[in-house]
Amino acid sequence: MPSENITTKPAFRKLRAYAFDPSLSVQLDTAMLNNLVYKVAWETLLPGPVGDYIEIVDWDPSSKCFYKPVNLDDPVFLAQEGLAPSESNPMFHQQMVYAVAMTTIKNFEKALGRTISWSPRRKANGFAVDYVHRLRIYPHALREANAYYSPIKKSVLFGYFSAAPESPGLLMPGGTVYTCLSHDIIAHEITHALLDGMHRRYVEATHLDSLAFHEAFADIVALFQHFTFQDILYEQIARTRGNLASQNLLGELAQQFGKAIGHYGSLRDALGGYDKNNKWQPIQANTKDYQTITEPHERGSILVSTIFDLFINIYSRRVADLSRIASGGTGILPEGSLHPDLVTRMAHEASKTAGHVLNMCVRALDYCPPMDINYGDYLRALVTADYDLVEDDDKDYRIALIESFQKRGIYPDSIRNMSVESLLCKTEEDTEQFEDKFSDLIEFFKLFKEKVSYIPDREELFWLTNVFIAGGDINNPIPRTEKKNGEAPKQPAHNVMGLHQRLLQLSQKGKEHAAAFGELTGLILDNEIADQRGIGRSNVSYAKGLPSIEVHNLKLASRVGPDGNVVNQILVTITQRRGVVGEMDEYGNVHINGFFVPSNPRGGWYELVKTNGKEELIKKIYENKDTGSEGPGSEKVLPEGWFIFRGGSTLIFDLNYAFSKDNVKLKYVIRKSITDEIRMKRQFRMMFGLPDHSLNATYFGPAKTNLEAEPFAIIHKAL
Amino acid sequence: MATKKKAAVKKKTVKKKTKIKSASGKKKQTVSQPGQLAVPAKVTDITVRMYAHGFGDCFVLFFHLGPAVVYKMVIDCGMLTGDNERLKDAIKDIAKDCENEIDVVVQTHQHKDHISGFNLRDEGKELLWDKINVGEAWLAWTENTGKGGDELARQLQKKHEKKKMALIHAVALYKQHITSQRHIDTLKDTYTGGIYHSAQQRYTDALQQLLEFDDIGRTEVDRAAQPAETGFGLTMKEAMAYFLDRNQRVKEKKLDKEITEISYWEPGELADENATGLPGINFYFMGPPKNYDRLKQMEDKTHAEMYVTDMGLSDNFYMALEGDEDGEVEISPFHPKFICQKSHFSPRELSDKDNVWTLYYDKKHYWREIDTDWLNNAGALALALDSYTNNTSLVIAIEFTESKKVLLFVADAQIGNWISWTEPVDESSDEPKLKWMVKEGTRMREVRATDLLQRTVFYKVGHHASHNATGRKNGLELMNSGELVAMIPVDEAVAKKQGKKGWKMPAKDLYTRLMEKTKGRIIRVDEGNLIKTDTSKIPDIAKPTEKQRGDFNKQVNESKILVTGDDGTRRPLYWEYKINGE
């Protein structure tokens, strides 16, 4: 049927789903409306649903059966906003997972100003990558109170479990709880996948904050996305008495959202609790928290409550006038129900604010370092991202933000005072000497922007970006092996030199230049010391023998600010890895003993030896096969206490500047230097020094050593 | 709450006094003649002997009345791995030194490292324990699952068995899957797939070693992969039922011995002089708690850590493997009409590479299959089961009635068991649920667990000194006696070889705290008396004074017989420590 010619595609597909876990809806003190209609961006769907971003495969391995896939394009479902919510129908489960996952994905795209991508699948040798077009979702994969994102399978697995607590008897307790029916759990897990797609090094536990950040960020997205549903807020606000602007109202609601299942709720306990009079009270922030709390969940809750603080702060400012109007200026409401118009306005403000905070939090990811993130880095990213888009902070959001972090004792490394100016990831003084050096890149970046701006296909974008990084023919970016049948014929070739080669060339203009450029980017680029400092050398034809670096990412970000200003930026991340050998003495001091080349551990290591006050690196072959270790199960060729250390930076180039001045300006450098010894020692302590007192650790080894398998499966098990 | 020990107790009190004398063969005993000053009226000392045969518990307690030994008690007799000959040597040594007469044998809980000795046979295929006369056997109420036994115990045992079978099957399935060629090939092709695979292998090994506590070995697990096979983990059940079985054989005249009287004890009960015929000694039974929530509690919630309580475990997990009570295997939580087969899809649909069935079953997508992921929960189940059995440990406090000094034997009790001793009646009060009323002359004295802990002068450290088998706030921290001494049945060399990265036994911070509390007066299976020759191994804060060291060393003794440990070192067959009751 040639209907496409006459009508335009619909903008949305409406799908019914639960607003809360069905297991929770009976617990809430009133029968709140639990059915929501999600408006999901339109796309053609295959049964599953299998769409452009996700594929829902409902194989239940413990029951050894496959559930019928729902066909949402079936007119029957199109006509009635999908299936009616039902716990007993797995096809509805598929629909709900689809609706929430797509909502989350679209929220990310909106905030980032570009299409998202999943983290690619890496093949055995570590370099070849396979494009992953869709995230896979298994709604009924596990029989436990758990759900997790598997980085190695690029899949999200949801579990289901018996509702009643275990009893001494053998009888099967009544109901079953499905984690795939909780908005918060779905949003949380999808966020893990999205974050992994943007920063795949964040899965590595190199800092106390690393895993906590992953958890907290996923919770923040789930929480604020939930708050964007105005209908739910309406119900809650309509029941309010007393002080409308009070933060307790929304804090309590946030906590109720999270109550549903296990840890997804316990994190929210960070926001507050009920006092003796059964009144909800927020927990007072403590400046010592950040120093003293080390367990990932509790630590994660510090960040969640920080961001929630910010949300309340903004919200209170926005409704102060409404509250005054409604209470005749007293701020105290009269007895009786609130005026419905007032409720609508307040719910609107709350949901708007939630959307705003969500945007801010996601957008900040572009301004984060490529690895080893800590809360301080995230604060800087939040401030910078906001500054970049909204230069005039007339509502003092940024001050509020800094205050929330300060209250909990979170300070970025090496920042002298907590003002907006000093928190910005500015680089002017750093980059001055490179002012003209990047001019070579201008045409390249312009070409990149021109090429990627109008590509709707995520797969093509992925391969094209790869060509821009590694060099090659940008007119035919998709490798022949990946080509689908019947695709467009080969275009005339347009070969470009890749960014990787360009950056290496930039760095290799003499020893001093290499050092300065290395200083700027946080890398070791000096050719002479690449081996003994544990970096190793590149193998690619155009850079043979040069210190190996990786261009991790190349992205275009185009965003429109509230004043209509357009921000066009190129984001580049370059990284290096370095083999380090460390040791902790009996007093708990960490010493760096030497380095090795990660790609060749058998080539020996370079021991750091001090002779007459001078430090020297002496090459040694490690042969003590009893105490050494190279990795689990394999031959032992390295001394105990070795680890892989990463460094590098995110470089943000301003294209607007380029268009006006015909020059590329390096606007921000977000750096994690590979020569930073403090960071090295901190990572060592994180990997080897922390005690783990769990029962699991007694028999299976400390949790962090289990992370190599499924990092999030273990973390989430604290239900 | 006090002793509701049925008729058995009364019967015992009458019978005991005479029986005790015959069992220990000390006819000259003068309990009933307080007039003679030459022989003390009450037990004066207790010698605690810890066998050093390997990774496992085997204790003998000798109760002295002046120079004479009047009562002999054995607590556990087992070993986890290693050469069984060493355990046999220990049993033979017990038989010799006790002159084949033992008053009471305690089987604390059904784990190999505590009871495997009761299955051991000599060259003539005779059970070694059959040769020894045993007056009584003491077990926890959780073992009272026979006819007319405890209803809760029966329910719990049934459930526990079911879960154990589920675990064996889960491990078998997991192992089968990860060793399949398809799985190996897929991981070979994946970045860090090798690390992933070796993590999986180590995980299987760790699970396997946990099953060792139930004496379920590799071959048994492999057998469980075959659907038709049944009957796993029977040996430790046999060992636990040794005395029941023995009595049966005595009745049937297959064994020429007297009937061993079996008692099942509950927390809050007490065996005093009337019950045992032993003057000046009270036995307090503290655990296992009669409360399922406590029995399954593995971790202290106030301890900040990753693994809390149930670790996501849910009944539907083991039901997928073993079915419910009737053995019905529960297939899916959904109505069968929602289940589909390949035939649900037309050939044309299947040829679409984006068809959902094709997405799962096409070779190209093998790397995303999830057939084993759900079985990862086996680890949680294994820990839960292991902890459960440890929590069913019979915990005994032995008190000198005169000096009120206490010897505490906790077997492998984990946190749930410890907490139950001091748990208050309700949240607002300090009054513990558990207390004993003890007759003292004409008066009644109330005894609480905190009293017993505070008066403890000898502590048999729980579960080879793992972190979660010694309570802190309401446990070790209450043991404030200046005389406190600890014995740890731990063989670190064996523990290190277990699990993914070695078991953490002894747990470092617990061990350090123990040293501080005891001032280094610790005797370990593998290292013996830590301060025998010097105190260089003891941290400064825990260093004993010269007098403390000297006094302690005088009380420590060791066997002349040497055995070879798993690490190849020679060590005495047992260590002894004599506690003065004054």
Seminar exercise, completed: Counting heavy-atom pairs under 4.5 angstrom with chain A, the leader among B/K508, B/E369, B/H197 is B/E369

Exercise. Hey, what's the ring geometry for B/F213 with B/H463, parallel, tilted or perpendicular (30° and 60° as the breaks)?
Worked result: tilted

Problem set entry | Toward chain B, the part of A/K64 with a non-hydrogen atom under 4.5 Å | neither

Exercise. Considering only heavy atoms, which portion of A/H133 lies under 4.5 Å from any heavy atom of chain B: side chain, backbone, both, or neither?
Worked result: neither

Exercise. Would the A/Y53 and A/Y98 ring centres measure less than 6.0 Å apart?
Worked result: no

For this session: Under 4.5 Å heavy-atom distance to chain A, tell me which part of B/Y366 shows up: side chain, backbone, both or neither.
Result: neither

Seminar exercise, completed: Applying a strict 4.5 Å limit to non-hydrogen atoms, the region of A/F66 in contact with chain B is both

Seminar exercise, completed: If you tally heavy-atom pairs under 4.5 Å between each of B/Y360, B/F317, B/W357 and chain A, the highest tally belongs to B/Y360

Exercise. Does the distance from a Lys or Arg side-chain N to an Asp or Glu carboxylate O, for A/K68 and A/D58, drop under 4.0 Å?
Worked result: no

For this session: Could you look at A/V50 and say if it's the side chain, the backbone, both or neither that has a heavy atom under 4.5 Å from chain B?
Result: side chain

For this session: Give, as side chain, backbone, both or neither, the part of A/V70 having an atom under 4.5 angstrom from any heavy atom of chain B.
Result: neither

Problem set entry | Salt bridge present between A/D130 and A/R122 (N-O < 4.0 angstrom) | no

Exercise. Between A/P90 and chain B, which part of the residue has a heavy atom less than 4.5 Å away: side chain, backbone, both or neither?
Worked result: both

Problem set entry | B/T190 and A/R121: CA distance, side-chain angles, deciding distance, side chain to side chain donor-acceptor pair (under 3.5 Å) verdict | CA-CA 8 Å; B/T190 305; A/R121 182 188 181 221; 2.7 Å; yes

Problem set entry | Presence of salt bridge, B/E151 and B/R154, under 4.0 angstrom | yes

Exercise. Are A/K154 and A/S119 linked by a side-chain donor-acceptor pair shorter than 3.5 Å?
Worked result: yes

